[in-house]
Amino acid sequence: MTSVRRAVADAHRREWAMVLAATVRVTRDLDLAEECVQDAYVAALDAWTHDGVPARPGAWLTTAARHNALDAVRRARTLRSKLHLLVEPAADDPGVPADPVVRDDRLRLVFLCCHPALGVEAQAGLTLRLVCGVTTSDIAQAFLVSETAMAARITRAKKKITAARIPFRMPPQAELPNRLDAVLTAIHLLFTTGHTAPAGPVLTKSDIAERALDLARMLRDLMPDEREAGGLLALLLANHARRATRTTAGGRLLLLEEQDRSGWDHEAIAEAHDLVVGALRGGDPGRFALQAAIAALHATAPTYDDTDWRQILVLYDELLRAWPSPVVALNRAVAVAMVDGPATALAEVEALEQDKRLAGYRYLPAIKADLLRRLGRGADAAGAYERAITLADNDAERAFLAARLAETDGTMASGR
């Protein structure tokens, strides 16, 4: 990869959301803005090759995208009717708040994508695609649906925005709580796609995870009294604190019990712990606060053997009541195995196999395989590992599962 291509790729990772958000503020049209930004990145490859990489790539790309938008409007002969939308208001315009509710364009665009007129999945899908540049394929895996179905949902959401003439403006502060859950969900999904990449050669995409962490911190600063905003930030901090120890230098996946805890970010873990304490105060905690409490218990245990699995199971029971998700029930089964044994957990996992929402979810057969292995049922475990491998698109996860399958086959062959 040439230095210019590296610069463009880096600008795509770092600047995409801000360039798109700034262009949307000008065009008031999602499709047009996305097209203009894509064209700006293409133009950068040629321009930066001849003129050098600019000192501020994001500013260069934003200017280019806005010029593209103006040209597109002129070509469509609608400049006269759109002129008032294309001109940025002056800083001293009385119609512009002196102290905007949300200062960062990225967080502003998240709130815009999470308009209540759209469905929850459409809100999160739009946010991941437009704000963060996550591929439609990765978004589909996060929602356990096909790529075609997710592409159709995103397209319908864009069309609904256009048909309903949903304004591209920041909602008043009083309306922010109504969009909070959707925003929390979108940011959490973004982090999940970075924490464990649905596909590709590496386990983690740290740039995506850190982008989500930045958004979560900005959201908590914006709404400090919302306990779920603090809960989300705590959850992301506790999980991201382990990033350096989740694989070996060669990329092999390490389970939680194998990780070197001295390599964890203990400052982030301490911050997460304090946030969890605040998020659990004042009534029934929400789903992000409860997930954060579980993650904090894992992160603060001195060793894996010191993990308080009974308390984690209690928290999973609370989480399942607050958020009756089959994925939560599956994660709870892992805690059940540690408290009540793998046989009890296996019965719960086998019951979850009947839930169509988990069809194609790669962690269901992977967890089942591990429980069967622990119970000495090698042939059944091997079948479950094979199923998990067919569903996994992440190379690190596939390699881990393949190694476990080989170990299981070896144990069966030796008669142990």
Side-chain angles (χ1 to χ4, degrees), residues 13-14 16-17 104 106-107 109-111 113-114 120-121 123-144 150 179-200 202-223 226-247 253 256 264-265 268-269 271-273 275-276 279 286-296 298-299 319 323 325 327-328 331 361-363 394 396-397:
R13 287 192 300 271
R14 297 176 181 274
W16 170 271
D104 190 281
R106 293 168 296 173
L107 187 58
L109 187 55
V110 174
F111 271 98
C113 288
C114 292
V120 172
E121 291 190 355
Q123 294 170 341
L126 270 181
T127 301
L128 294 176
R129 182 73 193 94
L130 298 180
V131 179
C132 311
V134 178
T135 66
T136 304
S137 174
D138 283 356
I139 298 170
Q141 291 200 33
F143 280 101
L144 306 181
M150 180 51 65
R179 303 192 190 188
L180 178 60
D181 189 68
V183 171
L184 291 167
T185 299
I187 295 174
H188 182 235
L189 278 171
L190 173 63
F191 178 81
T192 300
T193 62
H195 184 66
T196 302
V202 297
L203 181 68
T204 300
K205 294 182 178 179
S206 291
D207 58 319
I208 294 179
E210 287 166 5
R211 203 176 306 167
L213 195 53
D214 286 344
L215 289 169
R217 193 175 292 283
M218 284 188 281
L219 182 63
R220 201 258 176 174
D221 290 343
L222 174 68
M223 308 176 78
E226 292 288 348
R227 291 186 296 148
E228 281 289 79
L232 176 67
L233 178 57
L235 173 62
L236 271 52
L237 283 167
N239 284 327
H240 198 54
R242 299 188 291 108
R243 63 192 179 280
T245 66
R246 295 181 64 223
T247 60
L253 185 152
L256 188 61
W264 291 0
D265 184 344
I269 291 171
E271 182 183 0
H273 177 270
L275 286 166
V276 166
R287 59 189 174 108
F288 290 107
L290 288 166
Q291 288 179 87
I294 293 169
H298 282 298
L319 178 59
W323 186 27
S325 159
V327 173
V328 173
N331 292 335
Y361 187 55
R362 63 192 186 278
Y363 295 125
N394 182 283
E397 290 185 329

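Hydrogens, waters and symmetry mates play no part in the numbers below; they use all other heavy atoms, side chains included.
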*asked:* Between D207 and R211, does any side-chain N to carboxylate O distance fall below 4.0 Å?
replied: yes
*Least distance between heavy atoms, L235 atom then A292 atom*: N-CB, 3.6 Å
*Quick one: sort the F191 and H195 rings into parallel, tilted or perpendicular, breaks at 30° and 60°.*
parallel
*Side chain proximity check, R287 to L184, heavy atoms < 4.5 angstrom*: no
*For L237 and A268, which heavy atoms make the closest approach, and how far apart are they?*
CB-O, 4.0 Å
*Please examine the side chains of R243 and D265, heavy atoms only from C-beta on, and report whether any two atoms are closer than 4.5 Å.*
yes
*Intermediate values then yes/no, side chain to side chain contact (heavy atoms under 4.5 Å, CB included), T193 and K205*: CA-CA 8 Å; T193 62; K205 294 182 178 179; over 6 Å; no
*Looking only at heavy atoms, which two atoms of I187 and A212 are closest? And how far apart?*
CG2-O, 3.5 Å
_Minimum-distance pair of heavy atoms, taken over all atoms of L232 and A216_ = CD2-CB, 4.2 Å
*Check: E397 side chain, L203 main-chain N or O, donor-acceptor pair, under 3.5 Å*: no
*Among L275, L219, D221, find the one that has a side-chain contact (heavy atoms from CB on, under 4.5 Å) with L233.*
L275
*Could you state the interatomic distance from CG (L236) to CG (L215), rounded to the nearest 0.5 Å?*
9.5 Å
*Hey, mind stepping through F111 and L222 against side chain to side chain contact (heavy atoms under 4.5 Å, CB included) and telling me if it holds?*
CA-CA 12 Å; F111 271 98; L222 174 68; 3.9 Å; yes
*Might you point out which heavy atoms bring T196 and R362 nearest each other, and give the distance in Å?*
CG2-NH2, 4.1 Å
*What pair of heavy atoms forms the shortest contact from L253 to A396, and how long is it?*
CB-O, 4.2 Å
*Measure the shortest side-chain to side-chain distance between L290 and W323 over non-hydrogen atoms and say whether it is less than 4.5 angstrom.*
no
*Does the side chain to side chain contact (heavy atoms under 4.5 Å, CB included) test come out yes or no for T185 and Q123, once each step is laid out?*
CA-CA 9 Å; T185 299; Q123 294 170 341; over 6 Å; no
*Above 12 or not: heavy atoms from other molecules or residues under 6.0 Å from NE2 of H298?*
yes
*Side chains of R242 and T204: do they bring a donor and an acceptor to under 3.5 Å?*
no
*Measure the spacing between CD of E210 and CG of L190 and express it to the nearest 0.5 Å.*
11.5 Å
*Return yes if some donor-acceptor pair links the side-chain N/O of R220 with the main-chain N/O of R217 below 3.5 Å, else return no.*
no
